[in-house]
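Shown next, in structure tokens, is the structure this report addresses.
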There are 4 protein chains.
Amino acid sequence: MDSPLNNREIASRKRREQVLDAAAACFVERGFHQTGMREIAKRASVSLGNLYNHFPSKHDMLIGLAELELSSVDPFVEMLMRNVRPSVCLREFTRAYFQHCSDHDAAILYLDIAAEAMREPDIAERFLQARSTLAEALTSLLFKGVESKDFGPSIVDTSTADLILDLIEGAAARGSIDASKPDMLMASIEAMVFAALRH
Amino acid sequence: MDSPLNNREIASRKRREQVLDAAAACFVERGFHQTGMREIAKRASVSLGNLYNHFPSKHDMLIGLAELELSSVDPFVEMLMRNVRPSVCLREFTRAYFQHCSDHDAAILYLDIAAEAMREPDIAERFLQARSTLAEALTSLLFKGVESKDFGPSIVDTSTADLILDLIEGAAARGSIDASKPDMLMASIEAMVFAALRH
Amino acid sequence: MDSPLNNREIASRKRREQVLDAAAACFVERGFHQTGMREIAKRASVSLGNLYNHFPSKHDMLIGLAELELSSVDPFVEMLMRNVRPSVCLREFTRAYFQHCSDHDAAILYLDIAAEAMREPDIAERFLQARSTLAEALTSLLFKGVESKDFGPSIVDTSTADLILDLIEGAAARGSIDASKPDMLMASIEAMVFAALRH
Amino acid sequence: MDSPLNNREIASRKRREQVLDAAAACFVERGFHQTGMREIAKRASVSLGNLYNHFPSKHDMLIGLAELELSSVDPFVEMLMRNVRPSVCLREFTRAYFQHCSDHDAAILYLDIAAEAMREPDIAERFLQARSTLAEALTSLLFKGVESKDFGPSIVDTSTADLILDLIEGAAARGSIDASKPDMLMASIEAMVFAALRH
DNA sequence: TATGAATGAGTATTCATTCAT
DNA sequence: TATGAATGAATACTCATTCAT
């Protein structure tokens with residue numbers, strides 16, 4: 001009964017995703033502002049005009065990607081909320097999130113989005129929302145860890161989670177520019193975070 | 001004899017600086033790729049064609065700015081090499097460098113240069129050189145501090161300095177996107193760094 | 001038996017009218033060539049594709065409007081053919097037709113159609129047919145007036161009616177561009193027409 | 001001394017004129033909105049980009065043409081101000097101006113400009129200024145003619161000149177759409193104008 | 001050194017129209 | 001009849017760069 005409607009809707013959604021994937025790939029390769037709509041269309045195997053049936057503008061594609069980025073933190077939020085010993089949980093999170101941020105393509109795209117966010121408020125909005133969701137979950141974990149004596153009490157405040165994230169992301173981003181060994185970097189980060197949190 | 005030549009040389013250097021300042025201002029306002037050469041020329045009160053007497057291309061202007069960025073770390077390197085108690089020195093450096101990185105315009109330009117560095121090796125080179133100069137000086141200080149028992153020995157390795165810089169820079173950059181209070185942020189950074197380094 | 005068909009026919013005719021009204025409104029607001037089919041569809045509350053069930057092309061919409069224009073002269077033709085003293089009849093016609101041509105929206109649309117008529121023969125055809133229908137009726141009236149001694153004989157020829165219409169239309173159109181007072185203009189037109197026709 | 005500067009200036013002016021001529025030709029052929037900048041560039045034997053060194057936008061080209069139109073009335077103004085018997089002067093003017101307005105290309109361009117003037121105030125401004133300059137000169141002549149008893153006094157008021165111009169222009173424009181004989185039309189116009197003005 | 005006209009490929013976006021559903 | 005996704009050529013305009021002066 002409703003299958004023909006759904007079919008069309010599903011097809012349209014697929015196209016949207018297709019286009020967004022192509023856009024992401026292009027932006028990674030050449031940067032947001034260097035990428036032309038033609039490139040995206042070609043890569044998505046979609047006609048140029050049809051791009052605009054799915055996204056009203058190039059800018060909106062970046063918003064789409066920023067929102068994808070936003071939802072990409074969900075698994076990490078879940079990870080932070082599991083009922084596991086906080087120190088164990090933090091260690092696992094740190095590794096997983098660093099690995100996530102170290103992905104070369106993701107890092108490049110992240111930088112481009114961040115750069116655009118400095119001038120476009122609606123990008124900034126999505127960008128920061130993803131961040132604060134994650135920071136809140138991490139803050140909860142840290143306080144739980146202080147309570148359970150996993151972490152020393154002295155330095156944990158509402159900024160700590162943000163700083164840990166800054167550290168992980170910053171290190172991963174830099175690691176993407178120079179080609180330093182991620183494993184060593186990772187071990188150092190872990191050491192630093194836990195050193196800061198110890199009693 | 002050579003004074004007329006010098007005068008000309010001096011004038012030319014001034015022009016170059018003038019142009020670079022204008023370029024920086026434009027890049028901050030609208031981003032590297034959105035800025036046109038005409039804009040820069042107008043802002044520098046220089047004719048469009050004359051721009052090319054000072055920089056062979058737009059790309060070279062960005063290199064010029066990356067090199068300026070490079071030399072902007074000099075005072076911080078000096079600061080790190082003073083003969084002061086390492087913990088005092090580090091505290092002062094942390095504050096000063098964070099403040100430096102928190103400047104809104106500088107942060108925007110920094111992000112743009114970083115984004116460009118991901119795709120342009122000659123930008124990356126300057127960008128990373130500035131970074132490693134600073135990291136080396138900081139590493140020296142940290143080891144000095146370990147020797148003098150200012151810092152606990154356990155976690156200091158060759159990556160530590162980089163991570164501290166990642167933390168400071170990352171936090172400052174994020175602070176520039178959302179408009180969080182830099183003073184509070186700064187206190188938290190200091191706390192975190194020293195917590196990580198304590199015995 | 002044929003009522004369901006008729007219902008459908010009636011509905012279709014209504015849609016057609018709906019679309020034509022929307023097109024007219026759009027053309028008035030933004031001009032024929034600046035108006036997009038999407039705009040018209042939205043304004044007519046009709047889907048884009050469905051537009052083409054009623055008009056095979058945008059061009060045909062303009063033809064439709066030119067034909068509407070054509071039929072809009074019917075009441076004036078009737079007015080000219082009434083059995084009234086020619087001078088009275090002419091005075092009434094002049095006033096009514098000037099008023100009709102002075103309507104701002106109609107004037108804009110009229111100009112657009114005229115401009116298009118210069119390059120599209122099938123528009124020109126409709127455009128001129130409306131005109132000649134009116135001119136013929138007016139010519140009849142003028143000759144009747146000459147016979148009845150309402151008007152002086154000397155200048156009335158087959159072009160006179162056209163010129164009177166040119167005068168009324170031209171003045172009304174110009175009055176629509178600058179915003180001069182139509183009442184004064186109208187009185188002057190009347191004076192001029194009757195001065196030309198007097199003995 | 002100043003010749004090199006002048007040479008460049010002269011060359012630039014020539015180019016501007018060249019471009020404006022090409023634009024006029026294109027607008028006549030295909031209409032303002034159907035003409036693309038590439039067409040104009042090609043016709044003017046100028047590169048596309050260079051067009052924008054001479055006119056900031058397509059719109060400004062139309063303004064340029066409207067201003068040219070404006071200055072094209074100068075000879076007619078002069079004609080109206082000669083020290084000749086008013087009735088003779090008017091007859092000559094009527095003929096000359098009608099001939100001028102009957103030029104097919106000029107008429108087409110005139111219509112396009114008029115249509116654009118309905119939506120663009122800065123076009124309307126130039127358009128109406130040309131008109132009112134002419135109307136003022138004609139008004140002077142008419143009053144002079146009334147004084148000298150060339151014309152009957154009754155109907156001449158401040159609108160009369162405008163109406164005479166409306167008549168001439170309207171008739172010429174219509175004559176350009178249908179292909180009626182201009183000579184006959186011209187004779188009828190003259191008859192009508194003088195009939196209206198006679199004692 | 002300084003100027004700005006000249007170049008033509010490149011930009012994001014819109015267009016009228018078609019067509020599978 | 002009705003829908004709106006799909007098409008790709010066309011739109012006005014901007015770009016970094018060159019070059020004659």
Side-chain angles (χ1 to χ4, degrees), chain A residues 3-5 7-9 11-12 14-16 33-42 45-61, chain B residues 8-9 11-12 15 33-42 45-61, chain C residues 8-9 11-12 15 33-42 45-61, chain D residues 3-5 7-9 11-12 14-16 33-42 45-61:
Chain A
S3 77
L5 188 71
N7 278 350
R8 273 224 247 168
E9 257 181 39
S12 186
K14 246 186 196 166
R15 273 272 205 254
R16 206 192 120 96
H33 289 290
Q34 283 99 304
T35 298
M37 294 300 263
R38 288 184 146 83
E39 265 171 280
I40 299 172
K42 188 165 286 182
S45 303
V46 158
S47 79
L48 175 57
N50 197 18
L51 238 48
Y52 289 84
N53 286 322
H54 298 282
F55 294 91
S57 76
K58 194 183 176 189
H59 180 82
D60 287 276
M61 286 186 185
Chain B
R8 272 222 250 165
E9 256 181 39
S12 183
R15 273 272 209 254
H33 290 288
Q34 284 99 300
T35 297
M37 295 299 264
R38 287 181 144 82
E39 257 172 289
I40 299 173
K42 187 166 286 178
S45 305
V46 158
S47 80
L48 176 58
N50 196 17
L51 236 49
Y52 288 82
N53 288 324
H54 299 284
F55 294 90
S57 78
K58 193 184 173 189
H59 180 83
D60 288 277
M61 286 185 185
Chain C
R8 272 220 250 164
E9 257 181 38
S12 182
R15 274 270 209 254
H33 290 289
Q34 284 98 303
T35 297
M37 295 299 264
R38 287 183 146 81
E39 254 172 292
I40 299 172
K42 187 167 286 180
S45 305
V46 158
S47 80
L48 175 58
N50 196 17
L51 236 48
Y52 288 82
N53 288 324
H54 298 284
F55 294 90
S57 77
K58 192 184 174 189
H59 180 83
D60 289 277
M61 286 185 185
Chain D
S3 78
L5 188 70
N7 278 349
R8 274 224 246 168
E9 257 181 38
S12 186
K14 247 188 194 164
R15 274 273 204 251
R16 205 192 122 97
H33 289 289
Q34 283 99 303
T35 298
M37 295 300 264
R38 287 185 146 81
E39 264 171 281
I40 299 172
K42 187 164 287 180
S45 304
V46 157
S47 77
L48 175 57
N50 197 18
L51 239 47
Y52 290 85
N53 285 323
H54 298 282
F55 294 91
S57 77
K58 194 184 176 189
H59 180 84
D60 287 276
M61 285 184 184

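Nearer the 5' end of DNA chain F, as judged by each residue's closest nucleotide, is the contact made by C/Val46, out of C/Val46 and A/Ser47. When each of D/Gly36 and B/Gly36 is assigned the nucleotide of DNA chain F with its nearest heavy atom, D/Gly36 is the one assigned upstream, toward the 5' end. Each of D/Ala11 and C/Gln34 lies near DNA chain E, and the nucleotide nearest D/Ala11 is the one positioned closer to the 5' end.
Counting all heavy atoms, side chain and backbone alike, D/Glu39 lies closest to D/Gln34 at OE1-O, 3.7 Å.
Partner assigned to E/dG4 is F/dC19, using Watson-Crick or G-U wobble distances below 3.5 angstrom. For E/dT13, the paired nucleotide is F/dA10, the pair qualifying as Watson-Crick or G-U wobble because both relevant distances are below 3.5 Å.
Here the NE2 atom belonging to D/His54 is positioned 5.0 Å from the OG atom belonging to D/Ser12, to the nearest 0.5 angstrom. Atom-to-atom distance recorded for C/Lys58:NZ and C/Ile40:CD1 is 6.5 Å, nearest 0.5 angstrom. For the atom pair OG of B/Ser57 and CG of B/Leu51, the computed distance is 10.5 Å after rounding to the nearest 0.5 Å.
At whole-Å resolution of the value, CE in B/Met37 and C1' in F/dA16 are 7 Å apart. Atom pair C/Lys42:NZ and E/dC15:P shows a separation of 12 Å (rounding to whole Å applied). For the pair D/Asn7 CG and E/dA5 P, the interatomic distance rounds to 15 Å; values are reported in whole Å. Distance CZ (B/Arg38) to P (F/dT17): 13 Å, rounded to an integer number of Å. Rounded to an integer number of Å, the gap from NE2 of C/His33 to C1' of E/dT14 is 15 Å. One interatomic measurement links the two molecules: NE2 of B/His59 to P of F/dT17, which rounds to 10 Å at whole-angstrom precision. Atom CD1 in C/Ile40 sits about 12 Å away from atom C1' in E/dC15, given to the nearest Å. Atom P of nucleotide F/dC13 and atom NZ of D/Lys58 are separated by 8 Å, given to the nearest angstrom.
Against DNA chain E, the stretch residues 48-56 of chain B makes heavy-atom approaches under 4.0 Å through B/Leu48, B/Gly49, B/Asn50, B/Asn53, B/His54.
In this structure, D/Ser45 reaches neither bases nor backbone, as no heavy-atom distance under 4.0 Å exists between it and the strands shown.
For the pair D/Arg15/D/Asn53, no side-chain contact is recorded, criterion being any heavy-atom separation below 4.5 Å from C-beta on.
Between C/Arg15 and F/dA2 there is a side-chain polar atom (N or O) within less than 4.0 angstrom of OP1 or OP2.
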